[in-house]
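What follows is one structure encoded as structure tokens, with my remarks underneath.
Numbered from 1 within each chain, the chains take letters A, B, ... in sequence-line order.
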There are 2 protein chains.
Amino acid sequence: MMGGRFMAAVTLKDVAERAGVSIKTVSNVVRNAPRVSDATRTRVLAAVGELGYRPNPSARRLRTGRSGLIALAVPDLGTPYFAELAHHVGREASSRGFTVLIEETRGDAREELRLATGVGASLLDGVILSPLRVSSADLAPVADEFPLVLLGERDYGSGQVVADHVLIDNVAAAREVTAHLAALGHTRIGAIGVDEQRSATSRQRLEGFQQALHEAGLTYDPRLAARVGEFDRPNGLAAMRTLLELPTAARPDAVFCFSDLLAVGARRALYEAGLDVPGDVALAGVDGSGEALYATPSLTSVVPDKAVISALAVDCLAARIGAEGPLPYEVRIAPHRLEVRESTDGVRRPLPG
Amino acid sequence: MMGGRFMAAVTLKDVAERAGVSIKTVSNVVRNAPRVSDATRTRVLAAVGELGYRPNPSARRLRTGRSGLIALAVPDLGTPYFAELAHHVGREASSRGFTVLIEETRGDAREELRLATGVGASLLDGVILSPLRVSSADLAPVADEFPLVLLGERDYGSGQVVADHVLIDNVAAAREVTAHLAALGHTRIGAIGVDEQRSATSRQRLEGFQQALHEAGLTYDPRLAARVGEFDRPNGLAAMRTLLELPTAARPDAVFCFSDLLAVGARRALYEAGLDVPGDVALAGVDGSGEALYATPSLTSVVPDKAVISALAVDCLAARIGAEGPLPYEVRIAPHRLEVRESTDGVRRPLPG
DNA sequence: CGCGGCGGTTACAACGTTGGAACAAGGGAA
DNA sequence: TTCCCTTGTTCCAACGTTGTAACCGCCGCG
């Protein structure tokens, strides 16, 4: 029987009776609609306060078609980058009156697509998706029907934009890191995180990597480009172990890892092999995670501005939700910076604090 | 107008027309209610499939008072422990038909209380709260009115149970770690993470720590018990630096950190001081995070079974949501195990994989 | 042969909210 | 004075769903 659990919820009707006005007038007050005299407004607000009225989101949603709920879909919350992102998106969203539902896709393409199409489209107003497997082509038929913002993964190759995108300039970021390694005198620079097939991010970082090698007059040795499935610690560990199996002369003297977790795994492999970082092999990653900062040695990393990324994403989504009809798709670039730490230049830096 | 965005949602009515039955019958079918003949059932299900009908959660909620939405409120998603927990809770919940809303309390007592009382009680069916600041006393008036499960933090001191609790045996866990350190021959064992005022978890771990010291015939030196605000990396770093400022003879030769992040911070401080782990100082933490496993050296840690914790928590909550009236409060203990790694016994262990 | 019971179905009324139209009360222009 | 317009308020209907009660056969029992 009626689910209000143990306490009876206060409704517009209760407030209306208390204030001696109609239900609709109370509704007008709580929604800040115009056409309400100051006298009634204060009277109603008083009643609202006394009774502790809270609008019923379900009824609202049913009537208006808006739930105030958006989802953030990420591959995995265990990845610090996504956890931090979730944190920022939550802040941004609540400052705009949205509530965020965090979903894990586990890198499953079907799951990603399901989220992108709005799950219970009737539950969500929109989705911010960090795609891993799903491609622009898969999303093309979807984006027009449901407010969707993609994080990263713009498919430069196809040139086709099928949704709003927020990303950092991955090519530039990779170029900067690699140039940094080259400037330190490394000549056999490797990369961990190649995954041409599936991940656009990976492709872009590889491209920046190759550009920088070229600009530094170095040649790209495919043996030094390690493929991985996910950007996690175990893959970093395995990839670095593989690189260390190369003949001594062919081994890398520096490695650019496409994520901090990969770098952490790679660092662990070097530790187990008894090699020094950066003495024997220099190491750099991407993400600006706390884990990389506190590693021993601290790991050089590209730090994307997650606050800006989140703000842009929520902005985009809010605009799309608020819009009546289709809007042109936007691609917004968030800033990043290269943070040089012990794992590349070897300079001891006590952490502040 | 009408918010269905761009596409028109399929409703029971549409399905009913298609199947040539009444709305209510369709409703009965989709809810798996009894009293539906197999013939009609299959006919209706066919129509459901063809039209791609999805029930409207808001309408359901409005009618039944249930939203199928539960919240997991944790202090901070950036903490790997909570991120992992969120992952498991999400799995457990969706297997029971719930959707999880993840909220960050940022360790703010008011925010915790707000969540515990159900925010928009009309939005959520229940809450799983990992409290940091809020006490049993604060929650006492709340728990009866709204389904609530607390993770950890059972206030043994007051002896008063005001809600369902799911936790590991913190006292035993701390005792095991400390006994392990003592068994290795350490005599000046320190602790990082003391916070008697606010955190019950911290109190329990301190108690287990002291018990083990006593059992090993060691005396408790308050100078070796470092206080912290949050269980994060910067606090671990700062605390260990403070311990290292003690006169040489008074310095710890082993430290039990109340979280893995504290241990990571402590390890960093030792690294900066040029000290060896575990040669100069042995280090152990709690949480079983991947970060501790991949650290160099890998950090010994108490690994709580997060899958079990999550399952128990969701079970409890589901029972409470399903119940008609008040239920007796339960306290459930999840298992943990001590994982000995390089940071205490010094034995090199290549990671598997 | 009528009547209770039961399996299967339907009609109706809510749940709390909001958009739109209708309605009362004043205020100025004709 | 009448008429229209503005301002504030109320009434009505609907959003999609489900609980309750009613309904319609049909069976088997007395």
Side-chain angles (χ1 to χ4, degrees), chain A residues 1-5 7-44 47-48 51-68 120-123 125 324, chain B residues 1-5 7-45 47-48 51-69 120-123 125 324:
Chain A
M1 50 228 71
M2 64 101 7
R5 301 268 347 134
M7 65 229 157
V10 180
T11 78
L12 283 181
K13 185 155 147 261
D14 304 322
V15 178
E17 277 168 18
R18 174 92 166 210
V21 295
S22 81
I23 292 181
K24 187 65 208 295
T25 300
V26 181
S27 169
N28 286 333
V29 170
V30 302
R31 284 179 305 123
N32 278 319
R35 300 285 163 93
V36 179
S37 68
D38 285 348
T40 17
R41 163 159 281 126
T42 52
R43 198 146 42 92
V44 168
V48 164
L51 271 53
Y53 167 77
R54 314 269 283 141
N56 180 322
S58 299
R60 253 193 187 165
R61 156 68 180 175
L62 180 58
R63 189 61 245 252
T64 63
R66 297 269 172 79
S67 62
S122 35
L123 176 62
D125 288 348
E324 286 300 314
Chain B
M1 304 306 83
M2 63 97 12
R5 301 258 359 125
M7 65 231 157
V10 180
T11 78
L12 283 180
K13 187 156 147 258
D14 304 323
V15 179
E17 277 168 17
R18 174 91 166 210
V21 296
S22 80
I23 291 181
K24 190 62 210 297
T25 300
V26 181
S27 168
N28 287 334
V29 170
V30 300
R31 282 179 308 122
N32 277 320
R35 303 282 165 94
V36 179
S37 69
D38 285 347
T40 19
R41 162 158 284 125
T42 51
R43 198 147 41 94
V44 168
L45 286 178
V48 164
L51 270 53
Y53 167 77
R54 315 271 282 143
N56 179 322
S58 298
R60 256 196 184 159
R61 155 69 181 176
L62 180 59
R63 188 61 245 252
T64 63
R66 297 269 173 79
S67 61
L69 224 55
S122 35
L123 176 62
D125 288 347
E324 286 298 315

First encountered from the 5' end of DNA chain C, between B/Asn28 and B/Ala59 = B/Asn28

For the side chain of B/Thr64 and the backbone of B/Arg60, is there at least one donor-acceptor N/O pair under 3.5 Å apart?
-> yes

Between A/Asp125 (side chain) and A/Arg66 (backbone), is there a donor-acceptor pair under 3.5 Å?
-> no

To the nearest Å, how far apart are [X] [atom1] and [N] [atom2]?
X       : N      : atom1 : atom2 : answer
B/Arg66 : C/dC15 : CZ    : P     : 18 Å
A/Leu62 : C/dC15 : CG    : P     : 13 Å
A/Arg61 : D/dT17 : CZ    : P     : 12 Å
A/Tyr53 : C/dG16 : OH    : P     : 10 Å
B/Leu12 : C/dT10 : CG    : C1'   : 14 Å
B/Lys13 : D/dG16 : NZ    : C1'   : 10 Å
A/Arg54 : C/dC15 : CZ    : P     : 21 Å
A/Arg60 : C/dG19 : CZ    : C1'   : 14 Å

With sequence neighbours left out, write down each residue that passes side-chain contact (heavy atoms from CB on, under 4.5 Å) with A/Thr42, or none if nothing qualifies.
-> none

Contacts of B/Asn28 meeting side-chain contact (heavy atoms from CB on, under 4.5 Å) (sequence neighbours excluded), chain-then-number -> B/Lys24, B/Arg31, B/Ala33, B/Val36

When the rotation axes relating C1' atoms of four end pairs to the next four are compared across the helix from C/dC1-D/dG30 to C/dA30-D/dT1, five pairs an end, they differ to 10° by 60°

Test side-chain contact (heavy atoms from CB on, under 4.5 Å) applied to B/Thr40 and B/Val29, step by step = CA-CA 9 Å; B/Thr40 19; B/Val29 170; 5.8 Å; no

Just to confirm, is there a sub-4.0 Å distance from OP1 or OP2 of [N] to any side-chain nitrogen or oxygen of [X]?
X       : N      : answer
B/Arg63 : D/dG19 : no
B/Arg31 : D/dG19 : yes
A/Ser37 : D/dT9  : yes
B/Thr40 : C/dT9  : yes

State, to 0.1 Å, how close A/Val10 and A/Asp14 come at their nearest heavy-atom pair, and which atoms those are.
-> CA-OD2, 3.5 Å

Is there a side-chain contact (heavy atoms from CB on, under 4.5 Å) between B/Tyr53 and B/Val26 once you walk through the steps?
-> CA-CA 11 Å; B/Tyr53 167 77; B/Val26 181; 5.6 Å; no

Tell me which nucleotide among D/dG19, C/dG7, C/dT17 gets nearest to the side chain of B/Arg35.
-> C/dG7

Qualifying salt bridge (charged side-chain N to carboxylate O under 4.0 Å, His left out) pairs with a residue from residues 32-44 of chain B, counting only residues at least two apart or across chains | none

Qualifying residues under salt bridge (charged side-chain N to carboxylate O under 4.0 Å, His left out), relative to B/Arg18, sequence neighbours excluded = B/Glu50

Residues touching DNA chain C, which here means a heavy atom under 4.0 Å, drawn from residues 14-25 of chain B | B/Val21, B/Ser22, B/Lys24, B/Thr25

